[in-house]
Amino acid sequence: MGAGVLGRPFQRRDGTLWCEEVPLEAIAAAVGTPAYVYSANALRERYRALDAALAGVPHRIHYSMKANSSRGLLRVLQAEGCRADVVSGGELFRALRAGFAPEHIIFGGVGKRRDEIVAGLEAGVLLINVESAAELEIVEDEARRLGVRARIAFRVNPEVHVANAHQYIATGSRGHKFGIPWGDVPAVAARALASPHIELAGLDMHVGSQLLSLAPYRDGVERLAELARLLQQQGAPLRFFDAGGGLPARYDAEDAPDLALFAEIIVPVVQSLGLELIVEPGRFVVAESGTLLTRVLYRKPTGGTDFVITDAGMSELLRPSHYDAFHAIESLRPRGGQATVDVVGPICETGDFLARDRQMDDAQPGDVLAVHTTGAYGYVMALTYNTRPRAPEVLVDGSRWAIISRRETLEDLVRLEAETLEWKEA
Ligand code: LLP
């Protein structure tokens with residue numbers, strides 16, 4: 001499956017940019033800027049493409065909610081048969097609130113608190129992905145107390161080498177904080193297998209994020225399979241083989257991931273083990289479905305590169321300043337002509353930028369820009385720094401659109417502050 005298969009939901013027509021059958025200018029006029037806009041059909045298309053690619057083996061797609069956990073978007077995926085992967089008590093709450101059945105939820109995360117583990121057990125999630133011997137002890141302890149048998153998977157650090165886009169999104173190499181260190185797995189498994197309160201039902205890995213080469217999957221899958229065989233011999237009642245997330249999105253000129261090759265790497269291995277495949281994609285499903293609309297406030301010449309100052313910045317999209325990430329930017333209605341500029345936000349930080357030294361449409365004050373591939377890790381990483389209300393999220397489906405999260409108000413931003421102080425004596 002190549003680059004051509006996955007469509008681009010944002011297309012230029014009549015001199016302006018559309019999302020599906022809705023001109024983005026109409027959304028900007030109605031809800032203001034900044035605003036995130038998502039295409040429902042882009043979500044469906046990606047979910048279906050992955051589902052079809054994995055058809056050769058029993059599988060479950062657990063969308064990684066950390067990429068974007070808004071209910072309006074979850075509902076679209078849910079209607080497709082998609083399940084959920086959560087990494088906190090908060091995401092578990094959101095998943096249940098969105099109507100996911102507990103047995104359609106898997107619960108991972110490197111630092112789950114005891115109360116979060118209890119919430120997972122009480123809800124009856126499909127799997128709790130355990131990341132350390134110490135966490136296993138707490139899961140066992142709470143399962144005993146609740147009188148349940150905890151169904152768990154081990155998240156293992158496959159310790160494969162991954163050439164990541166940025167060191168901050170590398171997760172599956174030796175020395176990273178994630179997963180049970182490879183060498184420790186047999187000992188931790190022995191503990192799990194000896195416990196009447198634990199059912200070791202799966203193995204899980206996540207080799208990394210935005211994986212432009214599928215080679216790390218090949219290495220990781222082989223290693224995880226080796227471990228699965230070993231544990232099966234030791235009597236582990238394994239049912240699930242979880243290959244994690246990490247399929248990439250197109251931010252610039254990247255190819256779409258080769259889903260046929262992805263399946264070719266994973267499916268035969270999982271079949272030979274007699275297990276059911278789980279995948280936890282986040283970015284692949286939602287990134288390209290989204291764009292961030294922002295209005296140009298000022299154009300500031302500095303003698304060198306001009307600054308285009310926009311009403312969105314690191315508060316709406318942290319990725320450029322946090323990972324030096326590239327996001328394509330274009331004007332909804334280009335004036336003609338190009339300029340090389342720095343696109344910066346209004347926040348009092350030099351690191352507040354959306355693009356640096358970028359050749360792009362020659363944007364002037366009043367113009368609305370679309371910052372692309374922002375469906376994943378955009379809204380969920382939004383900040384309210386400088387007391388900036390979070391921007392609304394809009395879902396487009398064909399020729400219809402709806403606000404799925406309203407713009408935060410100034411009142412919302414001070415809602416948690418105490419009106420009068422209730423002092424306690426020490
Ligand atoms: N499963 C596990 C265990 C993960 O740690 C992650 C992402 C995923 C699944 C989903 O990965 P995806 O398919 O989205 O690559 N904020 C960063 C990305 C952090 C990803 C962390 N883990 C960014 O904006 O690039």
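Note that the structure is a prediction, hence the values are computed from the model and not measured.
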Once you round to the nearest 0.5 Å, how far does [atom1] of [X] lie from [atom2] of [Y]?
X      : Y      : atom1 : atom2 : answer
Lys112 : Ile128 : NZ    : CD1   : 7.0 Å
Ser69  : Leu74  : OG    : CG    : 6.5 Å
Arg283 : Gln210 : CZ    : CD    : 5.0 Å
Tyr377 : Tyr323 : OH    : OH    : 8.0 Å

Quiz item: With under 30° as parallel and over 60° as perpendicular, where do the rings of His327 and Tyr251 fit, or are they tilted in between?
Solution: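 The arrangement is perpendicular - the two ring planes meet at more than 60°.
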
Only pairs under 3.5 Å count here: list side-chain donor-acceptor contacts from residues 231-249, not counting sequence neighbours, and write none if there are none.
from   : atom 1 : to     : atom 2 : distance (Å)
Gln232 : NE2    : Leu273 : O      : 3.1
Asp242 : OD1    : Gly244 : N      : 2.8

Quiz prompt | Side-chain heavy-atom pair Phe262, Phe284 within 4.5 angstrom cut-off | solution =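 Side-chain contact under 4.5 Å: no.
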
Would you mind checking if [Y] and [X] are paired as a salt bridge, meaning a charged N to carboxylate O distance below 4.0 Å?
X      : Y      : result
Arg60  : Asp85  : no
Arg145 : Glu142 : yes
Glu408 : Arg388 : no
Arg13  : Glu21  : yes
Glu91  : Lys66  : no
Asp141 : Arg114 : yes
Glu316 : Arg390 : no

Self-check item: Output field: ring centroids Tyr379/Tyr36 closer than 6.0 Å
Solution: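 Between Tyr379 and Tyr36, the centre distance is under 6.0 Å.
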
Quiz prompt | Proximity of Phe178 and His206 rings by center, below 6.0 Å | solution =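 No, the ring of Phe178 stays outside the 6.0 Å limit from the ring of His206, centre to centre.
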
Quiz item: Who passes ring-ring contact (aromatic ring centres under 6.0 Å, His included) against His322, sequence neighbours left out?
Solution: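 Here the qualifying residues are Tyr168.
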
Practice problem: Going by the side-chain contact (heavy atoms from CB on, under 4.5 Å) test, name the single residue among Asp367, Asp311, Thr310 that passes it with Arg295. | Solution: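 Single pass found, and it is Asp311.
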
Quiz item: Per the side-chain contact (heavy atoms from CB on, under 4.5 Å) rule, which among Thr374, Leu369, Val343 passes with Leu354?
Solution: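 Filter result, single survivor: Val343.
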
Exercise. Using the six-membered ring of Trp182, assess whether NZ or CZ of Arg223 lies under 6.0 Å from its centre and within 45 degrees of the ring axis.
Key: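 Positive - Arg223 is close enough to the ring of Trp182 and near enough to its axis.
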
Quiz item: Does NZ or CZ of Arg356 come closer than 6.0 Å to the centre of the six-membered ring of Phe353, within 45° of the ring's axis?
Solution: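 Yes, Arg356 and Phe353 form such a contact.
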
Practice problem: Could you tell me whether Arg94 atom CZ has more than 12 heavy atoms of other residues or ligands within 6.0 Å of it? | Solution: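 At most 12 heavy atoms, drawn from other residues, nucleotides or ligands, come within 6.0 Å of this atom.
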
Quiz item: If you count the non-hydrogen atoms of other residues, nucleotides and ligands that lie under 6.0 Å from CZ in Arg400, is the total more than 12?
Solution: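 Incorrect, the count does not exceed 12.
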
Quiz item: At their closest point, which heavy atom of Ile309 faces which heavy atom of Gly345, and how far apart are they?
Solution: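 Scanning both residues, the minimum pair turns out to be CG2-O, 4.3 Å.
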
Self-check item: salt bridge (charged side-chain N to carboxylate O under 4.0 Å, His left out) evaluation trace for Arg406 with Glu393
Solution: CA-CA 7 Å; Arg406 66 168 170 79; Glu393 296 180 289; over 6 Å; no

